[in-house]
Peer 1: 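Have a look at the structure that comes next, please.
To find a chain, count down the sequence lines: A is the first, B the second, and so on, and within it residues start at 1.
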There are 2 protein chains.
Amino acid sequence: MQFDCGSFFKAVSDGTRIKIMKLLYGKEMCVSEICTHFKMKQPSISHHLSILKQAKIVTDRKDGKEVYYSLNKCCVSSCCQDFAGMFKNGDKKE
Amino acid sequence: MQFDCGSFFKAVSDGTRIKIMKLLYGKEMCVSEICTHFKMKQPSISHHLSILKQAKIVTDRKDGKEVYYSLNKCCVSSCCQDFAGMFKNGDKKE
DNA sequence: ATATCATATAGATTATTGTCTATATAATAT
DNA sequence: ATATTATATAGACAATAATCTATATGATAT
């Protein structure tokens with residue numbers, strides 16, 4: 001399995017992180033730009049980003065002083081698909 | 001939206017609850033039978049079941065002294081689908 | 001070299017969640 | 001009515017996770 005569904009579901013069980021994912025759905029963003037959408041402090045955002053990164057939900061790239069994060073969309077769909085597959089309903093007609 | 005993805009992802013972010021879901025995938029089970037698969041005490045299992053029930057991941061029915069739980073498979077697939085849909089990758093060819 | 005800005009890390013504190021013991025409820029049996 | 005069994009609930013305690021402040025790192029600019 002390419003992605004760890006365990007860390008995936010822990011990562012997406014938090015509202016702040018879901019909101020970050022929504023922000024990154026449209027475009028990549030640097031940390032300070034992400035911060036402007038929240039009341040919490042920058043280190044907290046960095047912490048959430050590191051959890052998302054560990055779960056491979058986001059990737060990062062450095063550009064000068066900034067670090068840009070972007071959403072790894074295929075991780076989201078893969079994990080959801082794998083998980084749903086484990087609990088597939090066999091009663092429905094295919 | 002029929003199911004609350006918020007409570008869904010909180011519910012599935014715990015290993016014990018995933019294991020309960022796997023047990024219930026095959027067949028419905030009463031609480032004491034579920035308990036035999038874990039080292040933790042019955043009230044803890046009941047607590048996990050109540051979280052799964054609140055998220056509509058399981059349903060329960062009473063039969064005499066026992067309460068039987070079963071997996072609501074369509075909740076799992078719906079929530080996964082809804083969530084994946086929010087972060088759908090538009091770059092891939094359809 | 002020093003200053004500044006963006007981000008990450010460390011460690012403390014707080015909030016949330018999981019597990020336990022004790023007990024309540026509800027069904028059945030004697 | 002009392003006892004027994006299955007499960008749920010309440011409340012205490014423990015473990016985990018989120019947030020904060022302070023500081024370190026690393027890039028750029030002066």
Peer 1: Just by distance, do the side chain of B/K19 and the backbone of B/F38 share a donor-acceptor pair under 3.5 Å?
Peer 2: no
Peer 1: Can you find a heavy atom in the side chain of B/S70 that is under 4.5 Å from one in the side chain of B/L24?
Peer 2: no
Peer 1: For A/S13 and for B/V67, find the nucleotide of DNA chain D with the closest heavy atom, then tell me which residue's nucleotide is more 5'.
Peer 2: B/V67
Peer 1: What is the separation between atom CE on A/M40 and atom P on C/dA15, rounded to the nearest whole Å?
Peer 2: 14 Å
Peer 1: Side chain of A/K10 only, heavy atoms from C-beta on: which candidate in D/dA17, C/dA27, D/dA18 is closest?
Peer 2: D/dA17
Peer 1: Just checking B/I51: base, sugar-phosphate only, or nothing, at a heavy-atom cut-off of under 4.0 Å?
Peer 2: sugar-phosphate
Peer 1: Please figure out whether A/K65 or A/S50 has its closest DNA chain C nucleotide nearer the 5' end.
Peer 2: A/K65
Peer 1: Could you state the atom-to-atom distance from OH of B/Y68 to P of D/dA6 in whole Å?
Peer 2: 10 Å
Peer 1: Given atom CG of B/D63 and atom C1' of D/dT7, what is their separation to the nearest angstrom?
Peer 2: 14 Å
Peer 1: In whole angstrom, give the distance that lies between atom NZ of A/K19 and atom P of D/dT19.
Peer 2: 12 Å
Peer 1: Provide the closest heavy-atom pair for B/N72 versus B/K56 in the form atom of the first, atom of the second, distance.
Peer 2: ND2-O, 2.9 Å
Peer 1: Between C/dG18, C/dT9, C/dA22, which nucleotide has the shortest distance from any of its atoms to the side chain of B/P43?
Peer 2: C/dA22
Peer 1: With heavy atoms under 4.0 Å as the rule, sort A/F38 into base, sugar-phosphate or nothing.
Peer 2: nothing
Peer 1: Measure from NZ on A/K62 to C1' on C/dA6 and round the result to the nearest Å.
Peer 2: 9 Å
Peer 1: Given D/dT21, is OP1 or OP2 found less than 4.0 Å from the side-chain N or O atoms of A/K41?
Peer 2: yes
Peer 1: What is the distance from CD of B/Q42 to P of C/dT25, rounded to the nearest Å?
Peer 2: 16 Å
Peer 1: Between C1' on D/dA15 and NE2 on B/H48, what's the gap in Å once rounded to a whole number?
Peer 2: 13 Å
Peer 1: Does B/E66 get its side chain close enough to the base of C/dA27, under 3.5 Å, for a donor-acceptor pair?
Peer 2: no
Peer 1: Looking at every heavy atom in both A/A11 and A/A55, which two are closest together, and how far apart are they?
Peer 2: CB-CB, 4.0 Å
Peer 1: Using OP1 and OP2 only, check whether a side-chain N or O of A/S32 sits under 4.0 Å from C/dT7.
Peer 2: yes
Peer 1: For D/dA8 and B/Y69 - does any side-chain N or O of the residue sit under 4.0 Å from the phosphate oxygens OP1/OP2?
Peer 2: yes
Peer 1: Which whole-number value in Å describes the distance from B/E28 CD to D/dT7 P?
Peer 2: 12 Å
Peer 1: If only side-chain N and O atoms of A/S44 are considered, is one of them under 4.0 Å from the OP1 or OP2 phosphate oxygen of D/dC20?
Peer 2: yes
Peer 1: With a 4.0 Å cut-off on heavy atoms, is A/H47 in touch with a base, just the backbone sugar-phosphate, or nothing at all?
Peer 2: base
Peer 1: Tell me, do A/V76 and A/Y25 make a side-chain contact under 4.5 Å, heavy atoms counted?
Peer 2: no
